[in-house]
Chemist: 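Shown below is the structure under consideration.
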Amino acid sequence: MKLKPVLKESLHLYRKNFPQLCLALLVELVLRAMALTPLLFCLDKTLAPLAWLSIPLYLLIALPARQNYALALQDMQNGGSVFSLQLISTKDYGRKLIRGLKGTLFILLWSSLTITGVTLLYMAVCGLVDVVTLMRIFKSIGGSVVDGMMLVLAAVVASCLFIMLGCGVHSGSRHAIAMGDKGLVKGHRPALIALWFAGMLLTVPFLVVAALALGDYARMLVEALKQLKLPSFALTVRQAALLIGGVVVLLLPVLPLKSLLPAVYLRQVKEKTDAAA
């Protein structure tokens, strides 16, 4: 199936339902904010361990909410509204949670290389492993300690491509389930991956703004890692304003369109399959 009709239909639905899509996105953000409220415990050192509660809360709230959003997008394509009680429905909650946990496990597996690299760097800068041993490891990797650490850092960044690929591979699963046919993704994963990366292109303007805002910190990070230290991080007013403005103006408005791409594609796949039958 060609992707151009998918892009065209997604843009049509996006323009037609933009207010409702924004309201639905707001609900999704509020649900995630609710799940992350335990992070406020970090403001008090004695209560800081309670911040870990945000992890189970996020799993319990956000994972079913993602599948509810997929169902709401299908309702919208049927002529209904994406901004409905469907977004907070508890129907089949257990199944939605289990499917969400399964998907999270798959993404963690795709993220294993990145997690390993980040753990190694964290152990290096925090002194959790004997410095001599770490220096020997980095030297064996890059010929010198500094070059080895920079190669590990570059590998960690490059390994994020596996995470992105994993997200693309599994991006259509919840939309297929929302249409009652999880087998729809079979044979169509390459197209779903292509659509996922096309959706990521929508976030490029925000990423450029974020890079401009955090460019100085990136240089500080590299220099600090060379000295086996953690950098201090404090946003200036200008950096904070750029980031907030970028999120509000460049990132949030394109997220609904990004979510529409796999939903519309699998919808068209199902219609074509049903017509052929």
Side-chain angles (χ1 to χ4, degrees), residues 10-11 14-15 17-45 47-48 50-55 57-58 61-62 65-66 69 82-83 87 107 111 114-115 117-118 121-122 125-126 150 153-154 156-161 163-164 167-168 171 196-227 229-261:
S10 297
L11 282 171
Y14 178 73
R15 296 192 187 103
N17 301 278
F18 183 72
Q20 293 82 7
L21 285 167
C22 288
L23 289 172
L25 177 61
L26 179 61
V27 172
E28 295 296 302
L29 293 175
V30 169
L31 291 173
R32 282 156 179 75
M34 290 169 57
L36 296 176
T37 48
L39 292 177
L40 294 173
F41 286 120
C42 292
L43 299 175
D44 187 326
K45 290 184 178 180
L47 298 176
L50 293 175
W52 290 102
L53 290 172
S54 60
I55 295 178
L57 275 179
Y58 190 87
I61 295 175
R66 281 170 56 82
Y69 186 51
V82 68
F83 180 59
L87 296 171
I107 297 302
S111 308
T114 304
I115 294 172
V118 170
L121 287 173
Y122 179 79
V125 298
C126 293
M150 291 302 101
L153 179 60
V156 169
V157 174
S159 68
C160 291
L161 290 173
I163 302 177
M164 298 172 69
C167 290
S171 63
W196 193 89
F197 277 94
M200 285 300 298
L201 290 176
L202 298 172
T203 68
V204 168
F206 165 73
L207 295 176
V208 171
V209 171
L212 291 174
L214 301 177
D216 291 338
Y217 178 69
R219 287 189 289 271
M220 290 168 52
L221 176 63
V222 172
E223 292 301 320
L225 287 175
K226 287 181 179 180
Q227 301 174 29
K229 295 180 181 179
L230 281 174
S232 58
F233 181 52
L235 287 176
T236 65
V237 174
R238 176 179 173 276
Q239 288 174 323
L242 274 174
L243 284 176
I244 294 173
V247 168
V248 173
V249 177
L250 300 176
L251 182 61
L252 294 181
V254 303
L255 292 181
L257 178 57
K258 183 177 180 297
S259 298
L260 269 171
L261 294 175

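Keep in mind it's a predicted model, so treat the numbers as computed, not measured. Position 1 is the first residue of the sequence, and the numbers go up from there.
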Chemist: Just to verify, what does S54 make a side-chain hydrogen bond (donor to acceptor under 3.5 Å, both in side chains) with, not counting sequence neighbours?
Modeler: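 S54 satisfies side-chain hydrogen bond (donor to acceptor under 3.5 Å, both in side chains) with no residue once adjacent residues are dropped.
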Chemist: Go through the structure and list residues passing side chain to side chain contact (heavy atoms under 4.5 Å, CB included) with R15, not counting sequence neighbours.
Modeler: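 R15: side chain to side chain contact (heavy atoms under 4.5 Å, CB included) contacts with L11.
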Chemist: Out of curiosity, L251 CG to I244 CD1, how far, rounded to the nearest 0.5 Å?
Modeler: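 Those atoms lie 13.0 Å apart.
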Chemist: Evaluate the side-chain proximity of V208 to L250: yes if any heavy-atom separation is below 4.5 Å, no if none is.
Modeler: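 L250 vs V208: side chains apart.
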Chemist: Rounded to the nearest 0.5 Å, how far does CG of L257 lie from CG of L21?
Modeler: 9.0 Å
Chemist: Less than 4.5 Å apart, any side-chain heavy atom of I163 and any of S111?
Modeler: yes
Chemist: For L243 versus F206, what's the shortest heavy-atom pair and its separation?
Modeler: O-CE1, 4.2 Å
Chemist: Mind checking the CG-CG spacing from L207 to L212? Nearest 0.5 Å is all I need.
Modeler: 11.0 Å
Chemist: At their closest point, which heavy atom of A213 faces which heavy atom of L242, and how far apart are they?
Modeler: CB-CB, 4.0 Å
Chemist: To the closest 0.5 Å, what do you measure between CG (L50) and CZ (F41)?
Modeler: 5.0 Å
Chemist: Is there any side chain to side chain donor-acceptor pair (under 3.5 Å) pair reaching into residues 25-34, and which pairs are they, with sequence neighbours excluded?
Modeler: E28-R32
Chemist: What pair of heavy atoms forms the shortest contact from V254 to L202, and how long is it?
Modeler: CG2-O, 3.9 Å
Chemist: Rounded to the nearest 0.5 Å, what's the gap from CG on L57 to CH2 on W52? Could you check?
Modeler: 14.0 Å
Chemist: Flag the pair Y14 / P253 as yes when at least one side-chain heavy-atom distance between them is below 4.5 Å, and no otherwise.
Modeler: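 Touching, per the 4.5 Å side-chain cut-off.
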Chemist: Is S259 reaching over with its side chain to a backbone N or O of L255, donor-acceptor style, under 3.5 angstrom?
Modeler: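 Indeed, once roles are kept as given, a pair shorter than 3.5 Å links the two residues.
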Chemist: With respect to V27, which candidate in L29, L25, L31 satisfies the side-chain contact (heavy atoms from CB on, under 4.5 Å) definition?
Modeler: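 The single option meeting the side-chain contact (heavy atoms from CB on, under 4.5 Å) with V27 is L31.
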Chemist: Decide side chain to side chain contact (heavy atoms under 4.5 Å, CB included) for Y69 and V82; before the verdict, give the C-alpha distance in whole Å, the side-chain angles of both, and the deciding distance to 0.1 Å.
Modeler: CA-CA 8 Å; Y69 186 51; V82 68; 4.1 Å; yes
Chemist: Look up atom CG in L261 and atom CZ in F197, then write down how far apart they are to the nearest 0.5 Å.
Modeler: 13.5 Å
Chemist: Show the nearest heavy-atom pair for residues G246 and V209, with the distance to one decimal.
Modeler: CA-CG1, 4.4 Å
Chemist: Can you see which heavy atom on A24 is nearest to which on F83, and at what distance?
Modeler: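 Taking every non-hydrogen atom into account, N-CD1, 3.9 Å.
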